[in-house]
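See structure below.
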Amino acid sequence: MVLLGSSIEAAYARAKRIRISFAESCRFVTGRRVEATVCCGLAASSAAEETLGALLAASDTALYRAKAEGRNRVRRAGEPKPEGGASTVIRVA
């Protein structure tokens, strides 16, 4: 999804809402329990010279990092990786 004119914080909040909504709505499909989740990778740039391809590559890297960290997560391109089980808290206003 491309959100022109949106900040990374707004994109993060939207991705988080999608992730939560999906998890809540997928509990049962035709009477069977389904454990499905969503991972999102985000990238943003205010530089006019940044190409769409570069942004997609950065968001794809963040997406695969989210999957590797245990799925059902939203990660931003360039975020530091948590070390040694330390908790990373991201505040969205």
Query - Under 3.5 Å: donor-acceptor pair, side chain of S21, backbone of I18 - result: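 No.
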Query raised in the report: Can you tell me if R32 uses its side chain to pair, donor with acceptor, with the backbone of F28 under 3.5 Å?
Result: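 No; zero donor-acceptor contacts below 3.5 Å.
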Query raised in the report: Under a single-linkage rule joining Ile, Leu, Val, Met, Phe, Trp and Tyr whose side-chain heavy atoms are separated by less than 4.5 Å, which residues share a cluster with V2?
Result: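 In the cluster with V2 are L4, L52, L56.
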Mind checking the [atom1]-[atom2] spacing from [X] to [Y]? Nearest 0.5 Å is all I need.
X: R76; Y: S59; atom1: CZ; atom2: OG; value: 14.0 Å
X: T37; Y: R19; atom1: OG1; atom2: CZ; value: 9.0 Å
X: R14; Y: L3; atom1: CZ; atom2: CG; value: 5.0 Å
X: S45; Y: I8; atom1: OG; atom2: CD1; value: 10.0 Å

Report task. Before giving the answer on side chain to side chain contact (heavy atoms under 4.5 Å, CB included), spell out for Y12 and L42 the whole-Å C-alpha distance, their side-chain angles and the decisive distance to 0.1 Å. Result -> CA-CA 7 Å; Y12 184 89; L42 307 174; 3.8 Å; yes
Query raised in the report: Residues two or more places apart in sequence or in another chain: which of them pass side-chain contact (heavy atoms from CB on, under 4.5 Å) with A58?
Result: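 With neighbours one apart ignored, the set is A43, A77.
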Query - Sub-4.5 Å side-chain heavy-atom contact between R27 and V34 - result: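 Result no, sub-4.5 Å side-chain heavy-atom pair not found.
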Requested in this report: Taking all heavy atoms of C40 and all of A66, pick out the closest pair and write down the distance.
Outcome: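 So the two residues come closest at O-CB, 4.1 Å.
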Requested in this report: Of all the heavy-atom pairs spanning L63 and C39, show the shortest one and how long it is.
Outcome: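 Where L63 meets C39 most closely, the heavy atoms are CD1-O, 3.3 Å.
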**Report entry** salt bridge (charged side-chain N to carboxylate O under 4.0 Å, His left out) against R33, all qualifying residues, sequence neighbours excluded
**Finding:**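 For R33, the residues satisfying salt bridge (charged side-chain N to carboxylate O under 4.0 Å, His left out) (neighbours in sequence not counted) are E35.
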